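This report concerns only the one structure given below.
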Amino acid sequence: MEEYLSQLNEAQREAVLYTGGPEMIIAGAGSGKTRVLTCKIAYLMQIGVPPESIMALTFTNKAAREMKERIAALAGQREARRLWMGTFHSIFSRILRAESDRLGYPASFTIYDSDDSKSLLKSIVKDMSLDDKTYRPGMVHSRISNAKNSLITWKSYEQNKTLVESDIKTRTPMIRDIYKVYQNRCYQAGAMDFDDLLLQTNILFRDHPDVLDKYRRFFKYFLVDEYQDTNFAQHLIVSRLSETHRQICVVGDDAQSIYSFRGANIDNILNFKSQYAGCRTFKLERNYRSTQTIVNAANSLINKNRERISKTIYSEREKGSGILLVSTYSDYEEAFIVASKISEMRMRNQYTYSDFAILYRANKQSRLLEEALRKLNIPYRIYGGLSFYDRKEVKDAVAYLRLIVNPHDEEALKRIINYPARGIGDTTVGKLTSAATRHNLSVWTILKDPHAYDVQLNAGAIRKIDGFRQTIEDSIEYSRDNQADDTALFVLKRAGIVDDFVNEHTIEASSRIENLEELVKGISEYISIRREEYADEDGEHITLAGFLAEASLQTDQDRDKNTDADRVTLMTVHAAKGLEFKNVFVTGMEENLFPTLRSVDSPRAIEEERRLFYVAITRAEENCVLTYAQSRFINGQTERCSPSRFLLDIDARYLHTSGKLSDYDVRPKASTYYQSQPFPSRPQTRSATVETSAVEPVDAASLRIGVTVKHDRFGTGTVTDIEGEGANTKATVEFDNFGQKQLLLKYARLTVL
DNA sequence: GGCCGGGGCATTTTT
DNA sequence: TGCCCCGGCC
């Protein structure tokens with residue numbers, strides 16, 4: 001049992017053993033943060049703190065699950081299960097369900113995801129006859145979300161001069177009215193959105209001191225992971241709850257705060273010390289992940305930020321190779337160079353594909369990279385696509401399940417009232433929803449008896465609505481004495497969804513059936529896991545409602561499958577946080593892309609972008625390659641790009657450029673870091689750093705259709721088409737070995753033969 | 001209900 | 001450029 005303590009370094013051990021009050025652990029990248037957190041929890045359990053009085057909050061289900069597993073290994077499965085460990089959203093949705101009557105919500109309240117929220121907002125904007133171009137659902141949603149994260153209810157929004165005036169300035173004065181209606185419609189539907197899970201928890205504790213008091217007594221120890229990413233609502237929940245025992249330990253790294261756009265407030269961690277008198281700070285500064293060069297380079301970068309908690313991260317690993325900086329002539333070439341570099345490094349150093357990650361700022365950058373990887377037969381896995389629960393058929397099926405659990409759920413109802421087609425059109429639905437708003441009732445209530453609420457419907461519509469009502473009520477009835485997975489099968493059949501697909505006999509239809517089967521399988525798994533967990537209890541928790549509650553707070557990252565396959569990883573830098581790879585490529589290191597265009601006017605935003613870049617570099621264990629293109633195809637146009645300002649922030653002594661850089665003057669002091677030829681001669685890929693300036697672009701006037709031209713990379717070919725004029729002339733060339741390409745003359749180095 | 005074409009748009013997204 | 005959403009049409 002003592003063994004796990006002996007594996008910690010001095011700083012880690014001190015942080016684990018301290019139990020004297022508020023504590024902040026500043027955990028640098030790769031410093032063994034998770035290990036410290038798990039050891040600390042295990043230690044607390046060992047010294048007699050009952051596990052059920054420990055609340056450990058994380059930001060992802062994945063983090064919670066991993067930590068739980070590790071603690072189970074240290075302290076035993078049974079003990080670990082008693083911990084309150086999970087995401088803010090899942091833990092507090094549990095508490096909200098237990099206390100729902102205090103707030104007037106049903107215990108089986110639905111959780112609206114962002115799509116539900118936006119779709120509701122859209123319908124409200126329409127109902128209020130507002131301009132849907134001015135009041136875009138996404139925009140309105142983010143305004144309401146920001147308000148909620150700052151604990152501004154619709155009432156306080158109305159009374160908040162600053163907000164109201166700023167809305168008038170931005171010509172969106174109706175936000176407050178929309179917010180009010182939105183909140184009411186959610187309430188009538190028995191639904192909370194993601195932000196409500198935190199906001200309503202705060203309201204619960206604010207308005208019901210006895211409830212607050214109960215939980216304050218109950219929970220003795222709080223641990224919060226990724227504290228730099230907490231928002232005000234989260235911060236207030238934990239600070240309220242921990243007031244009695246004052247045993248709160250927050251862990252985080254201000255240098256890795258990258259979620260301000262979601263309401264994360266870096267000040268929570270920067271000010272923690274001053275908010276908690278007698279707070280002890282521990283710094284974990286030894287990086288176990290990366291080479292000295294990578295750590296030092298990252299340090300030199302982050303030192304350019306003003307707002308930070310001072311610390312010196314160091315590595316005692318080998319010195320390692322310099323960070324390779326590669327300039328390419330286009331985004332297209334960048335992708336091919338990254339791909340061929342991966343092949344080369346893999347062969348030379350016997351890496352596996354899964355030792356590589358390609359990171360980028362924006363998802364759209366993945367396209368060319370994928371193309372290049374495919375062409376070079378490199379297996380890859382891309383993150384950031386549709387999650388399982390985002391698929392249409394799954395969403396539809398889940399909507400039925402949601403209605404069984406809570407028929408007042410308006411968004412679920414609207415989604416499937418006419419799916420499969422029942423001839424209930426927009427007009428009918430519009431009549432029902434506006435009657436619901438008028439009477440301050442749920443759509444379901446209206447639908448059960450349209451006549452009573454003077455909804456003008458013809459006999460046909462009434463009959464169709466009634467058929468739908470019957471389907472739902474039968475399913476609810478069935479669910480009373482059947483298992484959740486059987487209920488799911490029942491409703492899918494009863495609604496005619498399965499038949500639809502079975503009769504279709506297409507590839508898509510069979511893949512949809514598979515997805516539905518997987519959904520049902522997921523429910524069955526949920527049941528058996530729960531059975532095991534609650535073996536000694538009455539089993540009341542095993543319900544469809546329970547499954548939905550869990551599913552709605554889950555993301556695709558939590559249900560990763562075949563991670564064992566040997567593949568290169570492609571993902572955004574955001575998605576890479578918390579992960580590590582032997583070799584990391586950070587692509588698109590250009591101004592207006594990284595840092596993104598939207599950040600360049602705000603010093604604070606630039607600092608966040610710099611932290612994001614810091615996160616990217618510190619993912620690498622052995623090699624880090626930074627690439628930037630001199631031209632990039634953006635929004636339908638090829639743009640000239642200049643290298644990111646962040647490249648200048650890295651101390652040049654840690655950089656190794658792959659030859660002379662045409663318009664960027666970073667001269668590495670040492671070029672011995674990376675001994676290999678940067679780019680071994682491949683006939684079709686010239687060195688990445690061809691001097692574009694030295695090559696005269698071919699004169700547009702001298703090009704004719706049918707002329708034979710030569711291109712540095714593609715070899716010879718014939719011009720088949722010419723578009724545009726002057727500098728923007730675009731030529732279509734049929735290359736002998738590379739097929740047809742479109743080339744902009746100002747960039748393509750063509751010579752007429 | 002589904003198909004087509006025009007217009008507007010284009011970060012990041014642990015929940 | 002390419003996608004998504006909407007309106008118009010059959």
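Keep in mind it's a predicted model, so treat the numbers as computed, not measured. In what follows, every chain begins at residue 1, and chains take the letters A, B, ... in the order their sequences are listed.
Judged by atom type and distance alone, A/Arg361 reaches the base of B/dT12 through a side-chain donor-acceptor pair under 3.5 Å.
For A/Arg136, counting side-chain heavy atoms from C-beta on, the closest listed nucleotide (B/dT11, B/dC9, B/dT13) is B/dC9. When distances are taken from the side chain of A/Phe59 to each of B/dT15, B/dT11, B/dT14, the shortest belongs to B/dT14. The side chain of A/Arg367 lies closest to C/dC3, out of C/dT1, B/dT14, C/dC3. Picking from B/dT11, B/dT14, B/dT13 the nucleotide with the shortest atom distance to the side chain of A/Lys577 gives B/dT14.
The aromatic ring centres of A/His574 and A/Phe261 sit less than 6.0 Å apart.
Within the structure, salt bridge (Lys or Arg N to Asp or Glu O under 4.0 Å) pairs that include any residue of residues 421-430 of chain A do not occur (at least two apart or interchain). Counting only residues at least two apart or on different chains, the salt bridge (Lys or Arg N to Asp or Glu O under 4.0 Å) pairs with a member in residues 119-136 of chain A are A/Asp127-A/Arg185. Residue pairs satisfying the side-chain hydrogen bond (donor to acceptor under 3.5 Å, both in side chains) criterion with at least one member in residues 600-612 of chain A, sequence neighbours excluded, are listed as follows: A/Ser260-A/Glu608, A/Asp267-A/Arg604, A/Asn305-A/Arg610, A/Glu307-A/Arg604, A/Arg361-A/Glu609, A/Glu608-A/Arg611, A/Arg610-A/Asp649.
For A/Tyr187, the side-chain contact (heavy atoms from CB on, under 4.5 Å) partners two or more places apart in sequence, or in a different chain, are A/Tyr105. Scanning for side-chain contact (heavy atoms from CB on, under 4.5 Å) contacts around A/Ala362 gives A/Lys364, A/Gln365, with sequence neighbours left out.
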Give me the distances for all protein-to-nucleotides 5-10 of chain C N/O pairs that come in under 3.5 Å?
residue: C/dC6; atom: OP1; partner: A/Lys122; partner atom: NZ; Å: 3.0
residue: C/dC6; atom: OP2; partner: A/Lys122; partner atom: NZ; Å: 3.3

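Stacking between A/Phe88 and B/dT15 is absent: the aromatic ring centre is not both under 5.5 angstrom from the base six-membered ring centre and within 30 degrees in plane angle.
Remark: P of B/dT15 and CG of A/Leu96 are 18 Å apart, rounded to the nearest angstrom. Going from atom CZ of A/Arg611 over to atom C1' of B/dT11 covers 16 Å, rounded to whole Å. Straight-line distance from the CZ atom of A/Arg632 to the C1' atom of B/dA10: 15 Å, rounded to whole Å. The nearest whole Å value for the distance from the CG atom in A/Asn61 to the P atom in B/dT14 is 11 Å.
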